[in-house]
Amino acid sequence: MMRRKVLSSGLIVGMVGAYSVLCSFARNVVIARMIGPAEFGVAVMLATIASAIDILSDMGWDKFLIQNPQGHRPEALAVVHLLKLLSGAVFAVLILLLAPLIAQGIEKPGAALPLALLSIPALFRATMSVDYRRRQRDFDFKGEAWVEVSRYSADLLVAVVVGLIFKSYWAMFFAILAGGVVSCAVSHILATTPYRLTWHPMIGATALAFGGPLFANNLIVYGAGQGDRLLVGLGLDLQMLAIYAATLTLVAGGQVVISRLIISVGLPYLAARRNSDDVYKVAFLRTGTAVMIAALLLLVPVTLIGVDVVALFFGSRFRPPDSLVIAVALAQAFNIVRVWPTVGQMACGATNTIPLANMVRLAGLALAMGAVILNQNIVIVAYCIVAGEIAGAISALTWHHRVCAGAGWPVIARMIGFAAAIMAVLAIEAVIPYSPLLRLSIAVAGPLIIMLVAAIAVHEPLRGTFARIAGGIRPNIH
């Protein structure tokens with residue numbers, strides 16, 4: 001019964017995540033082709049700042065409703081609504097104050113107004129009802145599906161319409177605004193509990209203790225995960241940012257889908273098993289195996305055909321260097337692996353150690369900043385980010401081992417196997433001659449082979465069938 005719930009929930013989350021990524025990808029392609037690299041760089045800055053507001057104002061309140069035993073209570077929901085509104089309002093005011101400085105930094109004074117107006121969608125997002133999150137305690141993800149699908153549909157539709165009318169970076173602002181308004185409206189329509197803002201001392205204190213460390217973690221995650229875009233935009237130039245963002249749009253889309261799936265399904269799955277160390281260890285290792293397979297499924301096609309795909313969708317002006325695509329793919333693969341122990345720490349309630357685990361990722365941003373100061377190219381900057389993501393994954397696993405039921409050598413063995421698989425993928429990419437048809441064939445066949453091998457490894461009847469086949473074709477030597 002539990003397995004069926006996990007699988008059905010994973011299917012919903014995966015489909016919704018894929019749809020949201022597809023809409024974001026289509027939005028970026030439409031805007032980029034309409035306005036060109038230089039203007040698209042400004043649009044990327046708008047999206048990056050909007051994402052910062054979303055990430056930093058989300059202090060894990062909705063996850064508190066899933067993780068905490070009291071999360072089902074209406075009082076907990078009212079407290080979360082209040083905290084979400086207050087944090088959103090603070091960041092809305094903050095962007096109003098910082099907008100002129102950011103516009104000056106990118107040498108686009110005219111961008112100050114749309115940057116400041118990002119406070120409006122931030123307020124709409126802050127007043128959303130998160131009652132649908134509470135239902136995820138029972139693996140009910142239909143509410144989230146409706147909210148996310150409506151949000152990204154509105155985002156794409158408005159981007160196309162406004163882009164055709166204005167042909168400027170304002171298309172990005174109105175798309176973000178439409179997404180905020182629609183998601184807020186749908187969340188209230190779907191809510192089964194009235195929207196209230198209430199303070200409950202005991203629940204509020206527990207929520208603050210849960211969310212405080214996650215805010216610090218979100219600050220680090222944003223700096224390490226999206227600070228590179230701000231760094232490129234402010235330190236290099238907007239045209240280079242446009243090419244970098246086009247590459248990230250392709251690669252990071254898959255990372256977002258997989259990470260959402262890990263968090264949405266992995267958190268309740270692991271949290272339900274936290275009362276027994278032995279049971280939790282088995283669940284944690286199974287989750288890790290699935291996560292690494294997912295990371296490889298993303299890495300293989302991107303390294304082989306990523307350059308051509310970016311040029312195909314965004315146009316030849318956005319064609320990235322092959323080494324840049326590989327660097328971005330590696331960073332996202334290790335980013336996916338890092339989410340695995342992070343969700344484990346959430347399931348154990350050890351959110352205070354998550355910022356400590358993620359802090360080492362900032363080393364990659366510091367290296368990238370040094371590369372920009374030394375006038376290094378975008379590829380060097382990207383590989384600095386890769387170094388930070390590798391360090392972050394190792395750090396997260398180390399902290400999980402310390403504060404949760406550590407699995408020790410089995411985890412190390414999986415990481416060694418994952419690193420070996422990555423080296424094999426890079427070696428294949430290096431020796432394959434540049435033939436679009438050949439690379440496309442391998443990019444399609446590679447993930448299918450990975451999934452087949454994984455299915456044989458975890459499914460005992462299937463493993464037995466292949467063993468019998470292998471035994472049947474073995475030469476009979478007497």
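Remember, predicted model here, so these are calculated numbers, not experimental data.
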Classify the side-chain pair Ser259/Asn335 by whether it contains a donor and acceptor separated by less than 3.5 Å. no
Flag the pair Met346 / Ile354 as yes when at least one side-chain heavy-atom distance between them is below 4.5 Å, and no otherwise. yes
Indicate the atoms forming the closest heavy-atom contact of Ala47 with Ile176, along with that distance. CA-CD1, 4.0 Å
Using a distance-only test with no angle check, is there a side-chain donor-acceptor pair under 3.5 angstrom linking Tyr19 and Ser153? yes
Any side-chain donor near an acceptor of the partner, Ser20 and Glu148, under 3.5 Å: no
Is there a side-chain contact between Glu389 and Gln332 (heavy atoms, below 4.5 Å)? no
Looking only at the side chains, is there a donor atom on one of Tyr244 and Asp228 sitting less than 3.5 Å from an acceptor on the other? yes
Test your reading of the model: is there a side-chain donor-acceptor pair from Arg414 to the backbone of Pro410, 3.5 Å cut-off? yes
CA sep, side-chain torsions, deciding dist, call: Val291, Val339, side-chain contact (heavy atoms from CB on, under 4.5 Å): CA-CA 9 Å; Val291 167; Val339 176; over 6 Å; no
Could you tell me if the side chain of Leu299 sits less than 4.5 Å from the side chain of Phe334, heavy atoms only? no
Do the side chains of Trp199 and Leu83 get nearer than 4.5 Å, heavy atoms only? yes
Would one find more than 12 heavy atoms of other residues, nucleotides or ligands at under 6.0 Å from atom CZ of Phe124? no
Yes or no on side-chain contact (heavy atoms from CB on, under 4.5 Å) for Thr249 and Phe314, after CA distance, side-chain angles and deciding distance? CA-CA 10 Å; Thr249 298; Phe314 286 87; 4.1 Å; yes
Whether the Arg125 and Ser183 side chains hold a donor-acceptor pair (N or O, under 3.5 Å, no angle test) is what I'd like checked. yes
Can you find a pair of side-chain heavy atoms, one from Tyr132 and one from Leu190, that are under 4.5 Å apart? no
Ser129 side chain to His188 main-chain N or O, any donor-acceptor pair under 3.5 Å? no
Do Asp54 and Arg151 pass the salt bridge (Lys or Arg N to Asp or Glu O under 4.0 Å) test, and can you show the C-alpha distance, the side-chain angles, and the key distance before you say yes or no? CA-CA 14 Å; Asp54 264 358; Arg151 172 190 179 183; 3.2 Å; yes
Looking only at heavy atoms, what is the nearest atom pair of His400 and Pro341, with distance? CD2-O, 3.7 Å
Can you check whether Trp340 and Phe284 have ring centres sitting under 6.0 Å from each other? yes
CG of Leu298 to CD1 of Ile258: how many Å apart, nearest 0.5 Å? 5.0 Å
Side chain of Tyr269, backbone of Thr287: donor and acceptor closer than 3.5 Å? no
Which atom names give the shortest non-hydrogen contact between Cys23 and Leu156, and what distance separates them? O-CD1, 3.9 Å
Nearest non-hydrogen partners of Val343 and Leu267, listed with the distance: CG1-N, 3.5 Å
Spacing of CZ belonging to Arg338 relative to CD1 belonging to Ile394, to within rounding of 0.5 Å: 13.0 Å
Between the CE atom in Met292 and the CZ atom in Phe418, the distance rounded to the nearest 0.5 Å is 6.5 Å
Got a second to check how far Ser441's OG is from Leu304's CG, nearest 0.5 Å? 10.5 Å
Measure the spacing between CD of Gln345 and OG1 of Thr353 and express it to the nearest 0.5 Å. 4.0 Å
Value rounded to 0.5 Å, distance of OG1 in Thr303 from CG in Leu330: 8.5 Å
Any donor and acceptor pair, going by atom type alone, linking the side chain of His81 with main-chain N or O of Val130 inside 3.5 Å? yes
Sub-3.5 Å donor-acceptor pair from the side chain of Asp131 to the main-chain atoms of Thr192, do we have one? yes
Check: Phe25 ring centroid to Tyr152 ring centroid under 6.0 Å: no
Exercise: identify the closest heavy-atom pair between Leu285 and Val411: CD2-CG2, 3.7 Å
Applying side-chain contact (heavy atoms from CB on, under 4.5 Å) to Thr198 and Leu82, what does each step give before you reach the verdict? CA-CA 6 Å; Thr198 307; Leu82 177 61; over 6 Å; no
Tightest non-hydrogen contact, residues Val360 and Ala391, listed as CG2-O, 3.4 Å
Side chains of Ile95 and Ile53: closer than 4.5 Å at any heavy-atom pair? yes
Under the criterion side-chain contact (heavy atoms from CB on, under 4.5 Å), I'd like the reasoning laid out for Tyr280 against Asp277: C-alpha separation, chi angles, the key distance, then a yes or no. CA-CA 5 Å; Tyr280 177 83; Asp277 286 353; 5.6 Å; no
For the residue pair Asp155 and Arg27, establish whether any side-chain heavy-atom pair is separated by less than 4.5 Å. yes
Determine whether Met415 and Leu397 make a side-chain contact, defined as any pair of heavy atoms from C-beta on separated by less than 4.5 Å. yes
Give a yes or no on whether the backbone of Val44 and the side-chain of Thr48 come within a donor-acceptor separation of less than 3.5 Å. yes
